[in-house]
Every structure is written in structure tokens, then in C-alpha cells.
Amino acid sequence: MLKNKLTEGKFKGDAVIWTVFLFLCIISIVEVYSAASNLSFKSGNYIEPALKHTGLLLVGIVVMIFTMNIKCRYFKIVTPFALLFSFILLVIVLCIGESTNGSQRWIDLGIVQFQPSELAKGAIVLATAQILSAMQTPTGADKRAFKYILVVCAMIIPLIMVENLSTAVLLCTVVFLMMFIGKVPKAQLGKLLGTVMLALALVVTMVMVFGHDEKKEAAQSPKQQLVQQEEKKDETVVEKVFHRFDTWKARIDDFLSNDYVPPSEVDITGKDAQTAHANIAIASSNVIGKGPGNSVERDFLSQAFSDFIYAIIVEELGIFGAVFVCMLYIVLLFRTATIANRCANTFPALLIIGFALLLVVQALFNMAVAVGLVPVTGQPLPLISKGGTSTIINCAYIGVILSVSYSAKKKDDANSPAEAKAAA
């Protein structure tokens, strides 16, 4: 009954995807309202951040409904324009982009800041799905598909990586999974994985050599600090090109540090404040949570409404609430996989799997950071964290999944009575 209602008029598509999306929106509004205490204090209006976020979600829903009513075959037309537009915007943001928290990722449009990397992620998924679908053979993807995908990625991903390594890693992970699902020869994937591991080892080595962890350097002797300062003078050019190395090195050092720090000596005001307060939020949840709106650590976490909102969810909703949020993303992925499996054509199937992987892998990144399993990455929780560009574009991804769920040709269409009658 619910499915029939949703497929009428403009609100079409799979009922399970709709349900997951609505739950995520409701949780988002409640938790952003609770977590945005710092913004509320600055504005003097406790409800203003939540109202702005709700308005942004409504804009995202409008975008989602518009996208949902586009037939899936038309998404192919968008691909070359999306790639070109993304490339131009990424170059612009590197040259004249707005810098926030030490990273230059945004273009200031006056009313809102636009993050080109969010658009670029969708463009890469579109291109990868189109290449894999166009070059499918009875035994899997043609070997040339692998090369074409690498060429497309080489145009976009390095531009993202300069200022946003975690997004580049996320995108590479999704593309690799799409190639695996798209039956790219395993020998090619194995070589790629080996090359990526070597490249990652090289990048980490460069970060540890050229980066500077100010916290560690402050603990050195005056003589060692003098040597470090002399080295910095010789690395001026390197620092200008790779200025994010300092941040990356500090995060790696913090994550790999096994030194025991007594509770009384935990730094809750310096660079480790976010991680420390996130840990406190999770530890103080007492399994059942403090209840919606009762978080304490939201007042100390500067990114409580964004990067660390999952820690606030755990603190307020407890383990059961945290598991429920995690399960929403898992249901989204598995339901999308079910819809993709029913598609008669490869392109829509790979397209929605790619978008679902983007959302779910990013969500897992965010949750892993919040609970201390991986270094801080700066990735928001999709469709829950407070955001501008990401919220609207993530809604568009859901719109694409809904579009495919009702407009893509299904495998069983040929067995339907109407098709059988037409064939007769």
C-alpha cells in the first residue's frame, strides 16, 4: 500500500529507500539542533542553526524530487559536462578558493560556500559507471575499460588530493569497488592495488619527512628545535606546495601514539581537543544514552554538528541509537544492491551502486573516526551532519537511486503479460 502511494505522482521510487532517507533527515534535524550549541552561542539564537539546516534539507529534498523524476537513461548525457565542470571548478578552488581550518576547498558564492569536490565525486561515479557498462563483454569488462577509468580519475583525483586527502582516498575506494563489481579483470585490479599501496607508502613517508608535528617539536630540546627551524627555512617551497603535510603528520602521530596518558593530563583544550571530547562523549553515554538534547560534550566539540556528530549521537542515544543509525546506512546499501540486481541494463545498476557506496563508505569513515578506529579525516556524516554542498548533493544521489528504482528497465519486464502479448 505504501509503495503504491509513493509511486504515484511526483513521489515515486522504492519505499525502503524513502523510509531510510526520511529517518536520516529526522535524526539529522534533532541532532544538529542539539549539537550546534557553539553556533547558537555565537548567534544568540538557539534555534537558528537548526532552522537553517532544516531549510537546507528542504532544498535538498526539492533537488532529490527533481532528480528522481529524471529518467535514468538521461544521466549518461550529464557525464562529460559534469567532468569538465568539476575539473574547471577544482582548478579555480586551488587558485582562488576560500580557506577554512587550513584547507582551501570552498568557492564563496556569497549566500553559501560551494565545495567542488562534492560535485567531482558524483562526476567520477557517473563516468566509471558509463565506461564499465559500455565495455561489458560476456566474460566481464573489457581490459581497455580499466585504462579509461584511470585516465578519468587522473584528471580529477589529484586536484582533490592536494587539499582533501581523505576525500581522494574515499573516492579511490569507491571506484575500486565499482570496478570489482563491474568485473574488471582481477589481474588489473591486483596490479592497481599493489601500485596504490606503494604510492600510499610513498605519500606517508613524505608526510613524515616533510611534515611538522608542532606538539612533538614543542617537547624537544632547544637545540633540536633550532635544527627543526633551520630545516623549515630550506623547505619553504615544499611547504607551499604541500602545506597540508603538517596536519596529516599530526593526525598520524596522534593515531599511532601508544603512550599512556593519565586522565588528569589529557589535553582537552589543544589540538587533540576534538578527539578527547569525542571519546568522553562516547564513554559517558552509559549504553542507554543521556537522551536527545542532553549532550554535554557538544559545548566543547568545535565540529560537534559536522565531523563528530556521531559521537554526539552515541552520547545522547546510546549504543542502540548508534547501531540504529549505522543500520540505516547498511539497509540503504543492501536495498540499493537489490534494486541494481533487478536492472536489465548495466549502467543504471552500476550508477546507483556507486552512489550508495559513496554515501555508505563515507558514513563508515565518519563513524570510525568518532570511535577512534582511524585518524581524523574531516568527513561529515552523509545526510546527518550539518552542511551545505554535501547535503544537497547527497540528496541528489538519493534521487538518482529512486529514479532507477522505478524508471530503469527490470529483468522481469520481458516476462510480464504486457511484454508477452506484445511479443506475440
Side-chain angles (χ1 to χ4, degrees), residues 83 86 90 105 115-132 141 145-186 188-204 207 244 248 251-252 255 307 310 326 329-330 332-334 336-337 340 349-371 373-383 385 390 393-394 397 400-401:
L83 284 172
S86 298
L90 287 170
R105 305 175 187 173
Q115 194 169 353
S117 60
E118 293 295 330
L119 179 63
K121 289 192 296 186
I124 289 291
V125 170
L126 276 166
T128 303
Q130 194 161 337
I131 292 169
L132 288 173
F146 177 76
K147 298 178 182 178
Y148 294 149
I149 292 172
L150 290 188
V151 169
V152 171
C153 290
M155 292 171 52
I156 302 294
I157 292 180
L159 296 175
I160 298 175
M161 185 175 66
V162 173
E163 292 290 340
N164 198 341
L165 180 62
S166 60
T167 296
V169 172
L170 166 68
L171 192 50
C172 288
T173 303
V174 171
V175 170
F176 183 86
L177 291 173
M178 288 182 69
M179 288 194 291
F180 179 79
I181 295 169
K183 299 181 181 179
V184 168
K186 290 182 174 58
Q188 291 181 318
L189 292 179
K191 291 178 182 177
L192 175 63
L193 192 59
T195 303
V196 169
M197 291 296 103
L198 289 174
L200 186 60
L202 177 62
V203 170
V204 171
V207 168
R244 293 287 292 169
W248 297 344
R251 289 175 176 177
I252 293 172
F255 181 72
D307 301 349
Y310 191 67
C326 184
Y329 290 105
I330 300 302
L332 174 64
L333 179 62
F334 276 88
T336 302
L350 287 171
L351 180 63
I352 63 173
I353 281 293
F355 284 143
L357 284 170
L358 264 183
L359 295 170
V360 175
V361 173
Q362 182 175 328
L364 294 177
F365 269 40
N366 178 279
M367 294 175 191
V369 168
V371 299
L373 293 178
V374 297
V376 177
T377 62
Q379 292 294 325
L381 190 58
L383 298 170
S385 292
S390 61
I393 292 183
N394 287 337
Y397 296 162
V400 174
I401 296 172

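What you see below is based on every heavy atom in this structure, not just the backbone, and it leaves out hydrogens, waters and symmetry mates. If you read the sequence from its start, that first residue is 1, and numbering goes on from there.
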Ignoring hydrogens, what is the shortest heavy-atom contact between [X] and [Y]? Give both atom names and the distance.
| X | Y | value |
| --- | --- | --- |
| Gly182 | Ala141 | O-CB, 3.5 Å |
| Leu83 | Ala127 | CD1-CB, 3.8 Å |
| Ala145 | Ile131 | O-CG2, 3.8 Å |
| Cys153 | Ile124 | CA-CD1, 4.1 Å |

Validation row: [X], [Y] side chains within 4.5 angstrom (heavy atoms):
| X | Y | answer |
| --- | --- | --- |
| Leu350 | Thr128 | no |
| Leu90 | Ile156 | yes |
| Thr173 | Val169 | yes |
| Tyr397 | Ile401 | no |
| Leu150 | Leu192 | yes |

Only distances under 3.5 Å count here; give the side-chain donor-acceptor pairs of residues 352-370 to other protein atoms, sequence neighbours excluded, each with its distance to 0.1 Å.
| from | atom 1 | to | atom 2 | distance (Å) |
| --- | --- | --- | --- | --- |
| Gln362 | OE1 | Lys121 | NZ | 3.0 |
| Gln362 | NE2 | Pro380 | O | 3.0 |
| Asn366 | ND2 | Asp307 | O | 2.9 |
| Asn366 | ND2 | Gln379 | O | 2.7 |

What donor-acceptor contacts under 3.5 angstrom involve side-chain atoms of residues 195-204, with partners at least two apart or in another chain?
| from | atom 1 | to | atom 2 | distance (Å) |
| --- | --- | --- | --- | --- |
| Thr195 | OG1 | Lys191 | O | 2.8 |

Requested in this report: Go through Ile149 and Leu132 one step at a time and tell me if the side chain to side chain contact (heavy atoms under 4.5 Å, CB included) criterion holds.
Outcome: CA-CA 8 Å; Ile149 292 172; Leu132 288 173; 3.7 Å; yes

Look up atom [atom1] in [X] and atom [atom2] in [Y], then write down how far apart they are to the nearest 0.5 Å.
| X | Y | atom1 | atom2 | result |
| --- | --- | --- | --- | --- |
| Met161 | Ser117 | CE | OG | 14.0 Å |
| Ile181 | Leu177 | CD1 | CG | 6.0 Å |
| Leu170 | Ile160 | CG | CD1 | 9.5 Å |

